[in-house]
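Owing to the predicted nature of the structure, the values given are computational and were not obtained by experimental measurement.
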Amino acid sequence: VTNCCALAPATNLTVSGTTANSATLTWTAPSSTTGITKLQVRNAETDEVVVDEIDVNTTTTATITGLTECTSYQYYVVSVGDCEVFSNTVTATPFSGAKTVNYEYNGGNGSPSSFTTNCTNQTITLPDATRTGYDFNGWYTDATGGTRVGGANDTYEPATSPVTLY
């Protein structure tokens with residue numbers, strides 16, 4: 001199929017950043033703005049306009065909000081005039097960032113020594129720990145006392161990162 005539209009597309013569309021509920025897209029402006037009245041960011045799966053009335057002369061980024069963390073979304077930029085032409089498509093997956101939990105076995109044995117969360121695994125199953133002459137009483141936020149966060153095989157979702165459990 002030949003595209004008869006003479007408008008220039010935005011190019012090099014990338015996902016330049018994400019948070020837990022947003023994604024920022026960046027692109028290179030069309031090589032010519034002749035005939036382009038505006039740019040739009042659209043959902044590539046539904047063709048729904050998610051950012052409208054983008055100034056073709058001054059803007060090369062857009063932030064899309066209200067997204068669900070760890071859900072993938074596809075977008076493209078549309079040059080709009082008397083016809084439409086599309087940029088490349090990108091996939092954005094909002095994520096607030098990995099969190100790392102380090103385990104201090106205090107002379108005992110266990111595995112793993114640390115765990116880092118990601119989109120497919122944001123909660124951690126706490127490992128068991130063994131030490132000759134001791135009973136394992138759970139994981140704590142401090143080596144001497146602290147708050148108990150759970151025992152072996154309990155789930156734990158770290159609020160900060162990095163965190164060390166004892």
Return the CG to OG1 distance between D55 and T33, rounded to the nearest 0.5 Å.
9.5 Å
Side chains of E84 and R42: does their closest heavy-atom pair fall under 4.5 Å?
yes
Can you get from L39 to V50 by hopping between Ile, Leu, Val, Met, Phe, Trp and Tyr side chains that sit under 4.5 Å apart?
yes
V41 and V78, any side-chain heavy atoms less than 4.5 Å apart:
no
Quick check against the 3.5 Å criterion: does S79 have a side-chain atom that pairs as donor or acceptor with the backbone of A8?
yes
Run the salt bridge (Lys or Arg N to Asp or Glu O under 4.0 Å) check on K38 and D52 step by step: do they pass?
CA-CA 8 Å; K38 65 180 175 181; D52 198 9; 3.1 Å; yes
Taking the side chain as everything from C-beta on, heavy atoms only, tell me whether T18 gets closer than 4.5 Å to T93.
no
Suppose the criterion is ring-ring contact (aromatic ring centres under 6.0 Å, His included): which pairs have a residue in residues 24-76, not counting sequence neighbours?
Y76-F86
Looking at G81 and L7, what are the two nearest heavy atoms and their distance?
N-CD1, 3.5 Å
Where do Y105 and A129 come nearest, in terms of heavy atoms and distance?
CD2-CB, 3.7 Å
Enumerate, atom names and distances included, each donor-acceptor pair closer than 3.5 Å involving a side-chain atom of residues 134-142, sequence neighbours excluded.
from	atom 1	to	atom 2	distance (Å)
N137	ND2	Y140	OH	3.2
W139	NE1	P127	O	2.7
T141	OG1	T147	N	2.9
D142	OD1	T144	N	3.0
D142	OD1	T144	OG1	3.3

Give the intermediate values and the outcome of side-chain hydrogen bond (donor to acceptor under 3.5 Å, both in side chains) for residues T116 and T100.
CA-CA 4 Å; T116 301; T100 300; 3.1 Å; yes
State whether the side chain of S16 and the backbone N or O of T24 hold a donor-acceptor pair below 3.5 Å, judged by distance alone.
yes
Donor-acceptor pair, distance only, cut-off 3.5 Å: does the side chain of S32 make one with the backbone of T34?
yes
Measuring from atom CD1 of I54 to atom OG1 of T60, what distance do you get when rounded to the nearest 0.5 angstrom?
10.0 Å
Got L13 and T11 here, is their nearest side-chain heavy-atom distance under 4.5 Å?
no
Whether the side chain of E69 engages the backbone of S96 through a donor-acceptor N/O pair (distance < 3.5 Å, no angle test) should be reported.
yes
OG of S113 to OH of Y103: how many Å apart, nearest 0.5 Å?
9.5 Å
Just by distance, do the side chain of T19 and the backbone of S22 share a donor-acceptor pair under 3.5 Å?
yes
Look at the side chain of T37 and the backbone N and O of V80, then say whether any donor-acceptor pair between them is shorter than 3.5 Å.
yes
Validation row: I124, P158 side chains within 4.5 angstrom (heavy atoms):
yes
Beyond-backbone contact of L25 with I64, side-chain heavy atoms, under 4.5 angstrom
yes
Value rounded to 0.5 Å, distance of CZ in R148 from CG in L165
11.5 Å
Looking at E104 and N106, would you say the former's side chain and the latter's main chain have a donor-acceptor pair under 3.5 Å?
yes
According to side-chain hydrogen bond (donor to acceptor under 3.5 Å, both in side chains), does anything in residues 152-166 pair up with another residue at least two apart or in another chain? List the pairs.
none
Heavy-atom check, side chain of V56 versus side chain of P30, under 4.5 Å
yes
